[in-house]
Protein chains: 2
Amino acid sequence: MTVDAETALAHAPPGHKDELRLWLRLLTCTTLIEGEIRSRLRRDFDTTLPRFDLLAALDRAPEGLTLGDVSRRMMVSNGNVTGLAARLEVEGLVERRARPGDRRAQLLRLTAKGRREFARQSAAHEGWIAELLAGVTAVERGALFRLLGHTKISVRNALPPEPSA
Amino acid sequence: MTVDAETALAHAPPGHKDELRLWLRLLTCTTLIEGEIRSRLRRDFDTTLPRFDLLAALDRAPEGLTLGDVSRRMMVSNGNVTGLAARLEVEGLVERRARPGDRRAQLLRLTAKGRREFARQSAAHEGWIAELLAGVTAVERGALFRLLGHTKISVRNALPPEPSA
DNA sequence: GCGATATAGTTTAGGCTTCAACTATTGGGG
DNA sequence: CCCCAATAGTTGAAGCCTAAACTATATCGC
């Protein structure tokens, strides 16, 4: 009976507390880990997470990335990268050079110093993450990875489509 | 043989790429959801996530919270709450009053306007989260919730102990 | 070629965030 | 009572971040 279905729906719990609690827990986990990583980056390397992330992006692209590439990969705004890159350039970790054939764009690359510095930071970083996740078994990590993959897809599908890259 | 164990360890993959990939995926999920929530809060209510979070904390504590309470619940610094509360006070959503018997502390409470406003925002927020997580089944959500619980414990155990509240 | 549109990047204003230094108050121990 | 440590909150400097407005260059369609 349609009435039953409708009634069932009308009487269903009006809220989505379930999803909300999941989101809050997801956020808590991320906040805890991220805060600790930020704190250790500052303590051990006198740097910040955004700086580290930018170096990481460049480290994976030896041929260099434009500011726009970086902005898309880091999921941050364009203007953000401008300032970040400027600071890293002052510190001598990153260099800009023109992209041949396009006078609008410029390629960002790690300097030798930048590569050295990132290698140190990245090794420590990897250890920190392993340390923080040490209480999660390999099986659980596998399950989490898979479930978060579904979550990512769910969110992406619900998002307004980006201007196709 | 001890040699075998040691050898196995020495020959184990030196990295923890596995944990790293899990962390990056966790971060991506959180960043995607959080970014969308920020964007909708701005679009529909002309407000921000930190403001919303502060209202949410106060909504759950009708008797009021000190700035320090809020700072601990939101896991942000003390000075951060000072500015946040000041802005919300200007907007008339929050009010301060002295805590009887302690001239250092002040209680933060929602005004009537603040309660009204938060009710609107919070209903929308709950719907957004449900919408973004619609592609994750109830069973998966349950599993995620449990696994993230383990993760939270793992991280907390690896963290330096806080000055016991 | 040329005009419309899109892309690359910068700038500005404003808010968020932390850390460290600071003021004020409270609560002990001598 | 008085000093000292702890607690509550504020302030200032610096960096991170976004949206929106802007400049410059590239590209497409005619």
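Naming convention: chains lettered A, B, ... in sequence-line order (proteins, then strands); numbering from 1 in each chain.
- Taking atom CG of A:Leu65 as the reference point, atom C1' of C:dA8 lies 14 Å away to the nearest angstrom.
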Pairs under 3.5 angstrom only: tabulate donor-acceptor contacts from the side chains of residues 22-30 of chain A to other protein residues two or more places apart or in another chain.
from: A:Arg25; atom 1: NH1; to: B:Phe145; atom 2: O; distance (Å): 2.8
from: A:Thr28; atom 1: OG1; to: A:Leu24; atom 2: O; distance (Å): 2.8
from: A:Thr30; atom 1: OG1; to: A:Leu26; atom 2: O; distance (Å): 3.1
from: A:Thr30; atom 1: OG1; to: B:Thr30; atom 2: OG1; distance (Å): 2.7

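- For A:Arg96, whose side chain is taken as the heavy atoms from C-beta onward, the closest listed nucleotide among C:dT10, D:dG9, C:dA6 is C:dT10.
- A:Arg103 has its CZ atom 11 Å from the P atom of D:dT27, to the nearest Å.
- For A:Arg97 and C:dA8, the CZ to P distance is 20 Å, given to the nearest whole Å.
- Comparing A:Asp102 and A:Met75 by the nucleotide of DNA chain D that holds the closest heavy atom to each, the one mapping nearer the 5' end is A:Met75.
- Residues B:Met74 and A:Ala105 both approach DNA chain C. Their nearest nucleotides, taken by heavy-atom distance, put A:Ala105 toward the 5′ side.
- B:Arg43 comes within 4.0 angstrom of nothing in the nucleic acid, heavy atoms only.
- Out of C:dT25, C:dG9, D:dC16, the shortest distance to the side chain of A:Arg51 is found at D:dC16.
- Atom CZ of A:Arg38 and atom P of C:dC19 are 10 Å apart (whole Å).
- In this structure, B:Arg99 reaches neither bases nor backbone, as no heavy-atom distance under 4.0 Å exists between it and the strands shown.
- Nearest to the side chain of B:Arg87, among C:dC16, D:dA26, D:dC17, sits C:dC16.
- Considering only the side chain of B:Arg42, D:dA19 comes nearest among C:dA24, C:dC16, D:dA19.
- A:Leu67 has its CG atom 8 Å from the C1' atom of C:dA8, to the nearest Å.
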Per-pair distances, 0.1 Å, donor-acceptor, side chain in residues 73-84 of chain A, under 3.5 Å, sequence neighbours excluded:
from: A:Ser77; atom 1: OG; to: A:Asn80; atom 2: N; distance (Å): 3.3

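- With rounding to whole Å, A:Leu108 atom CG is found 12 Å from C:dG9 atom C1'.
- Comparing C:dG15, D:dA8, D:dC16 against the side chain of A:Thr48 picks out D:dC16 as the nearest.
- Residues from residues 76-86 of chain A with heavy atoms under 4.0 angstrom of DNA chain D, sorted by number: A:Val76, A:Ser77, A:Asn80, A:Leu84.
- Between B:Gln106 and D:dT7, a side-chain N or O to OP1/OP2 separation shorter than 4.0 Å is absent.
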